[in-house]
Enquirer: 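Okay, handing you the structure first.
Values below: all heavy atoms of this structure, side chains included; hydrogens, waters and symmetry mates excluded. Keep in mind that this is a model prediction, so the values were computed, not measured.
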Amino acid sequence: MRDLGQFKNAMFVLVLMAGCSSQSSRPETFLISGVVTLNGEPLPDASIVFLPENGRSSAGRTSESGEYTLYYSEGVKGAVPGRHRVQISATEVVPGKLDSEGGEIRKEILPAEYHSKTTLAYDVSSNRDDVNFDLKTK
């Protein structure tokens with residue numbers, strides 16, 4: 001199995017780079033930032049993606065303190081207005097396991113309800129929203 005972390009990082013970069021165009025042709029975006037916690041503790045190095053019903057997604061990555069800011073494209077902060085599904089993904093290294101090329105193998109640490117089968121949603125509707133997510137595991 002290829003390194004899931006490398007794949008997710010590559011996808012994150014593609015989301016950020018997709019559709020870079022002139023300022024005049026891009027839609028209005030609103031600044032979105034916040035904090036992601038897991039069981040009350042900051043969740044570092046997680047990817048967060050806002051997927052609108054219409055338009056291109058916005059993405060960000062959490063800091064060591066769980067803080068994130070969304071980017072619509074390279075250097076352009078924010079997300080388009082409207083309803084968004086939200087996907088949050090975080091991985092960890094599987095100790096003692098390497099892929100066929102000697103790279104680390106990573107596994108998802110969050111339940112599918114936060115990423116591949118997300119139940120998270122948010123309505124982007126103002127110029128600056130602090131959007132916090134307090135995720136829980138069983």
Enquirer: Can you tell me if NZ on K136 sees more than 12 non-hydrogen neighbours from other groups inside 6.0 Å?
Expert: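 Yes, NZ of K136 has more than 12 neighbouring heavy atoms, counting only those of other groups under 6.0 Å.
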Enquirer: Is any side-chain heavy atom of D45 closer than 4.5 Å to one of R61?
Expert: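 When only atoms from C-beta onward are counted, D45 and R61 do touch, with a gap below 4.5 Å.
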Enquirer: Take L70 and L31 through the side chain to side chain contact (heavy atoms under 4.5 Å, CB included) test and state the conclusion after the steps.
Expert: CA-CA 7 Å; L70 290 183; L31 183 60; over 6 Å; no
Enquirer: Please name the pair of heavy atoms, one in S73 and one in R56, separated by the smallest distance, quoted to 0.1 Å.
Expert: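 Nearest heavy atoms, S73 then R56: CB-NH2, 3.4 Å.
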Enquirer: Membership question, hydrophobic clusters at under 4.5 Å side-chain separation (ILVMFWY): are V131 and V36 in the same one?
Expert: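 Yes, same cluster.
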Enquirer: Can you list the residues that meet the side chain to side chain contact (heavy atoms under 4.5 Å, CB included) rule with L120, with sequence neighbours excluded?
Expert: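 Partners of L120 by the side chain to side chain contact (heavy atoms under 4.5 Å, CB included) criterion, ordered by chain and then number, come out as V86, I88, Y114, T118, F133, L135.
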Enquirer: Got a second to check how far S63's OG is from L43's CG, nearest 0.5 Å?
Expert: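 The OG atom of S63 sits 10.0 Å away from the CG atom of L43.
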Enquirer: Determine, step by step, whether I32 and V124 satisfy the side chain to side chain contact (heavy atoms under 4.5 Å, CB included) criterion, reporting the C-alpha distance in whole Å, the side-chain angles of both residues, the deciding distance to 0.1 Å, and the verdict.
Expert: CA-CA 8 Å; I32 302 290; V124 174; 4.0 Å; yes
Enquirer: Might you work through the side chain to side chain contact (heavy atoms under 4.5 Å, CB included) test for V35 and T37, ending with a clear yes or no?
Expert: CA-CA 6 Å; V35 176; T37 57; 4.0 Å; yes
Enquirer: Can you see which heavy atom on V80 is nearest to which on P27, and at what distance?
Expert: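 Looking at all heavy atoms of both residues, the closest pair is CG1-CG, 3.7 Å.
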Enquirer: Roughly how far, to the nearest 0.5 Å, is CD of E104 from CG of D99?
Expert: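 Here the rounded value is 9.5 Å.
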Enquirer: Who pairs with T137 by side chain to side chain contact (heavy atoms under 4.5 Å, CB included), at least two apart in sequence or on another chain?
Expert: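 Here the qualifying residues are L38, N39, P111.
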Enquirer: With a 6.0 Å cut-off (strictly less than), is the heavy-atom count around CG of D130, excluding the residue itself, greater than 12?
Expert: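 Atom CG in D130 is packed in, count exceeds 12.
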Enquirer: Output all residues satisfying salt bridge (Lys or Arg N to Asp or Glu O under 4.0 Å) with K77, sequence neighbours left out; order by chain, then residue number.
Expert: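 Testing K77 for salt bridge (Lys or Arg N to Asp or Glu O under 4.0 Å), a comparison that skips the adjacent residues, returns none.
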Enquirer: Find out whether S89 and S47 are in side-chain contact, i.e. whether some heavy atom of one side chain is under 4.5 Å from a heavy atom of the other.
Expert: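 Contact flag for S89/S47 side chains = yes.
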Enquirer: For Y68, give me all partners under ring pair (Phe, Tyr, Trp, His ring centres under 6.0 Å), at least two apart in sequence or on another chain.
Expert: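 Checked Y68 against ring pair (Phe, Tyr, Trp, His ring centres under 6.0 Å); zero matches.
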Enquirer: Any idea which heavy atoms bring S58 and A79 closest together, and the distance?
Expert: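 In terms of heavy atoms, the two residues are closest at OG-CA, 3.3 Å.
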Enquirer: If we ignore hydrogens and angles and just use 3.5 Å, is the side chain of E101 paired with the main-chain N or O of G103 as donor and acceptor?
Expert: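 Pair absent, no side-chain N/O of E101 close to backbone of G103.
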Enquirer: Quick check on the hydrophobic clustering: are I48 and Y122 connected, directly or via other members, by side-chain heavy-atom contacts under 4.5 Å?
Expert: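 They do share one cluster, since a chain of ILVMFWY contacts under 4.5 Å joins I48 to Y122.
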Enquirer: Using every non-hydrogen atom in the two residues, find where V49 and S57 come nearest and quote the distance to one decimal.
Expert: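 Answer, listing the atom of V49 first, then S57: CG1-CB, 4.0 Å.
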Enquirer: What are the two closest heavy atoms between L98 and G102, and how far apart are they?
Expert: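 L98 and G102 have their closest heavy atoms at CD2-O, 3.6 Å.
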Enquirer: Would you mind listing every ring pair (Phe, Tyr, Trp, His ring centres under 6.0 Å) that reaches into residues 34-60, with sequence neighbours excluded?
Expert: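 Non-adjacent pairs meeting ring pair (Phe, Tyr, Trp, His ring centres under 6.0 Å): F50-H84.
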Enquirer: So which atom in G55 and which in P52 form the shortest heavy-atom distance, rounded to 0.1 Å?
Expert: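 Minimum heavy-atom contact is O-CG, 3.4 Å.
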Enquirer: Side-chain donor-acceptor pair under 3.5 Å between E67 and T62, yes or no?
Expert: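 T62 and E67 do not have a side-chain donor-acceptor pair below 3.5 Å.
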Enquirer: As a quick check of understanding, evaluate side chain to side chain contact (heavy atoms under 4.5 Å, CB included) for Q87 and L51, giving each step before the final call.
Expert: CA-CA 8 Å; Q87 294 179 327; L51 301 156; 3.4 Å; yes
Enquirer: Mind jotting down which residue pairs meet the salt bridge (charged side-chain N to carboxylate O under 4.0 Å, His left out) criterion with at least one end in residues 80-93? Sequence neighbours excluded, please.
Expert: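 For residues 80-93: R83-D123, E92-K107.
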Enquirer: So how far is it from L110 CG to T91 OG1, rounded to the nearest 0.5 Å?
Expert: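 Reported value, rounded in 0.5 Å steps: 9.5 Å.
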